[in-house]
Structures are given as C-alpha cells and as structure tokens.
Amino acid sequence: MRRLIYILPLVLFVVLAGYFAVGLTRDPSVVPSALIDKPVPEFALPPLLNDGKGLATSDLKGQVQLVNVFASWCVPCRVEHPVLMRLAREQGVTVKAINYKDKPEDAVRWLNQGGNPYAAIGADQDGTVSIDWGVYGVPETYVIDAEGRIRYKVVGPVMPDEVERTILPLIRELQG
C-alpha cells in the first residue's frame with residue numbers, strides 16, 4: 001500500500017503530460033463546427049450601410065463566397081482586414097459580412113478608414129444571428145458553397161498562409 005502512495009503521483013503526472021502533449025499538437029484555429037456541410041442558418045439582417053444591401057440566407061446561394069463576422073472594436077479584425085481586401089480586390093472573391101454587436105457609426109467609420117471589401121453587410125446588433133452561425137467570437141470567416149452550405153470555418157483572423165494553403169484551393173475546388 002505504501003508503494004502505491006509513492007507511485008500514484010508519477011502515474012498522474014504521466015497521464016496529464018500525455019493529455020497536454022496531444023492537445024498541444026492540435027491547431028487552435030481549427031474548431032469543429034456542427035454546421036460544416038450544413039445549410040447556412042435562416043436569417044435576415046438589415047444593412048449596415050445606406051446602400052440597402054443587408055444580408056440574408058437567400059443572398060448566400062448561387063456562388064462560392066466568404067462570410068466574415070467582424071466588429072470595429074475587434075483588434076484581430078484589424079489584422080485580417082488587409083487580407084480580406086486583397087481577397088476581394090485581387091482574387092475576385094466575393095466577401096459578405098455580418099457586423100457583430102457594433103455601433104453602426106463605429107463600423108462605418110472603420111470601413112471608411114480601412115476600405116470596404118464586403119459586397120454586402122448585415123448588422124447583427126444583438127448577436128442572435130451570429131449565435132445561430134455558431135460564432136465563438138470575432139473574427140470568424142466561413143466559406144459558403146454555391147448551394148448555400150457552410151464548407152469551412154476559420155476561427156480568428158484570416159491570415160495569408162491560411163488563404164494560400166486552404167481557402168483559395170477550396171474556393172477553386174467548389175467552383176469546379
């Protein structure tokens with residue numbers, strides 16, 4: 001019995017070390033989503049801008065596109081914004097957006113300062129639509145196929161290596 005008392009801490013240490021070792025090998029930006037390969041949730045958001053282009057489920061069919069969830073108060077959103085600008089401008093990718101729990105005037109000011117890569121922006125001021133999308137926090141970006149199904153999700157800022165490694169090849173594959 002005395003031996004067990006001495007061996008038990010070592011066994012616990014080995015079990016915990018194994019658990020953390022497996023966890024550290026995983027990519028923290030890859031979060032499993034129950035919505036992958038499922039249709040986008042039913043929603044309709046009013047426009048953020050005065051252009052009259054809100055965002056609704058029906059707007060996410062007919063072409064492969066991205067939906068980016070952002071807010072002007074989100075620091076990582078500022079990091080990914082130039083990447084989204086290049087995707088829209090240089091790669092011709094259609095990027096639509098959900099503006100998450102933001103003051104409209106702050107979001108508009110932010111877009112005026114950094115440019116607007118979005119073809120349409122829906123204002124989700126209470127965050128309920130984003131919850132339906134399974135948003136953990138901003139930014140998050142979804143690849144939507146032509147049938148309106150979510151095919152890929154990026155948690156955190158979209159970075160250039162993710163664009164080259166995963167997003168653009170997936171978009172090309174989905175465009176056939």
Side-chain angles (χ1 to χ4, degrees), residues 29 31 33-36 38-160 162-164 166-168 170-172 174-175:
S29 67
V31 176
S33 173
L35 297 178
I36 297 297
K38 303 267 171 64
V40 297
E42 289 291 326
F43 73 100
L45 291 172
L48 174 70
L49 305 174
N50 291 330
D51 61 2
K53 295 180 184 173
L55 191 62
T57 305
S58 60
D59 299 325
L60 301 177
K61 292 182 181 175
Q63 66 175 333
V64 178
Q65 54 196 301
L66 298 181
V67 173
N68 176 249
V69 183
F70 79 100
S72 65
W73 46 262
C74 161
V75 174
C77 297
R78 293 182 185 277
V79 170
E80 77 172 358
H81 197 72
V83 176
L84 296 174
M85 291 291 291
R86 279 194 300 275
L87 267 172
R89 195 174 359 165
E90 296 171 13
Q91 300 293 329
V93 175
T94 299
V95 184
K96 295 180 179 171
I98 296 173
N99 181 238
Y100 178 76
K101 291 187 172 181
D102 207 350
K103 293 179 183 172
E105 61 273 13
D106 291 346
V108 169
R109 186 179 320 111
W110 186 68
L111 291 170
N112 286 337
Q113 291 170 350
N116 183 358
Y118 306 117
I121 306 170
D124 187 16
Q125 292 191 330
D126 64 3
T128 55
V129 168
S130 297
I131 290 171
D132 292 343
W133 279 71
V135 171
Y136 291 90
V138 289
E140 289 191 11
T141 303
Y142 299 83
V143 177
I144 311 298
D145 70 14
E147 296 172 6
R149 289 180 297 164
I150 297 171
R151 300 301 297 264
Y152 187 71
K153 176 181 179 179
V154 178
V155 175
V158 173
M159 301 305 288
E162 176 96 26
V163 168
E164 295 300 324
T166 307
I167 293 175
L168 285 176
L170 178 59
I171 288 173
R172 289 184 193 114
L174 294 172
Q175 289 173 332

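Fair warning: this is a prediction, and the values are worked out from it, not measured in the lab.
- The closest side-chain heavy-atom distance from T94 to Q63 is below 4.5 Å.
- The closest side-chain heavy-atom distance from L170 to V64 is not below 4.5 Å.
- Using a 4.5 Å heavy-atom threshold, the side chains of V154 and I167 count as touching.
- The stretch residues 127-151 participates, sequence neighbours left out, in these salt bridge (Lys or Arg N to Asp or Glu O under 4.0 Å) pairs: D37-R151, E140-K153, D145-R149, D145-R151, E147-R149.
- The distance from atom CG of L168 to atom CD of E162, rounded to the nearest 0.5 Å, is 10.5 Å.
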Only distances under 3.5 Å count here; give the side-chain donor-acceptor pairs of residues 41-56 to other protein atoms, sequence neighbours excluded, each with its distance to 0.1 Å.
{"from": "D51", "atom 1": "OD1", "to": "K53", "atom 2": "N", "distance (Å)": "3.0"}

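- Residues N99 and S72 share a closest heavy-atom pair of ND2-N, 4.5 Å.
- Listed for the W73 side chain is a donor-acceptor partner under 3.5 Å among the backbone atoms of K101.
- Interatomic distance, C74 SG to D102 CG, rounded to the nearest 0.5 Å: 9.5 Å.
- Taking the side chain as every heavy atom from C-beta outward, V95 and Q65 never approach each other to under 4.5 Å.
- Two residues are said to be in side-chain contact when any heavy atoms from C-beta on lie closer than 4.5 Å; L66 and Y142 fail this criterion.
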(Q) Apply side chain to side chain contact (heavy atoms under 4.5 Å, CB included) to residues K38 and I150 and explain how you reach the verdict. (A) CA-CA 6 Å; K38 303 267 171 64; I150 297 171; 6.0 Å; no

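- F70 pairs by the ring pair (Phe, Tyr, Trp, His ring centres under 6.0 Å) definition with W110, Y118, not counting sequence neighbours.
- For the pair N68 and E80, the minimum side-chain heavy-atom distance is below 4.5 Å.
- Shortest non-hydrogen contact noted between P76 and P139 is CB-CD, 3.6 Å.
- Summarising the geometry, atom CG belonging to N116 is positioned 5.0 Å from atom CG belonging to L111; distances are rounded to the nearest 0.5 Å.
- Without hydrogens or angle criteria, D124 side chain to S130 main chain gives a donor-acceptor distance under 3.5 Å.
- Put simply, the side chain of V163 reaches to within 4.5 Å of the side chain of V83, judged on heavy atoms.
- To the nearest 0.5 Å, atoms CE (M85) and CD (E90) are separated by 10.0 Å.
- Here the side chain of H81 pairs no donor or acceptor atom with the backbone of P117 at under 3.5 angstrom.
- Using a 4.5 Å heavy-atom cutoff, the side chains of T141 and Y152 are not in contact.
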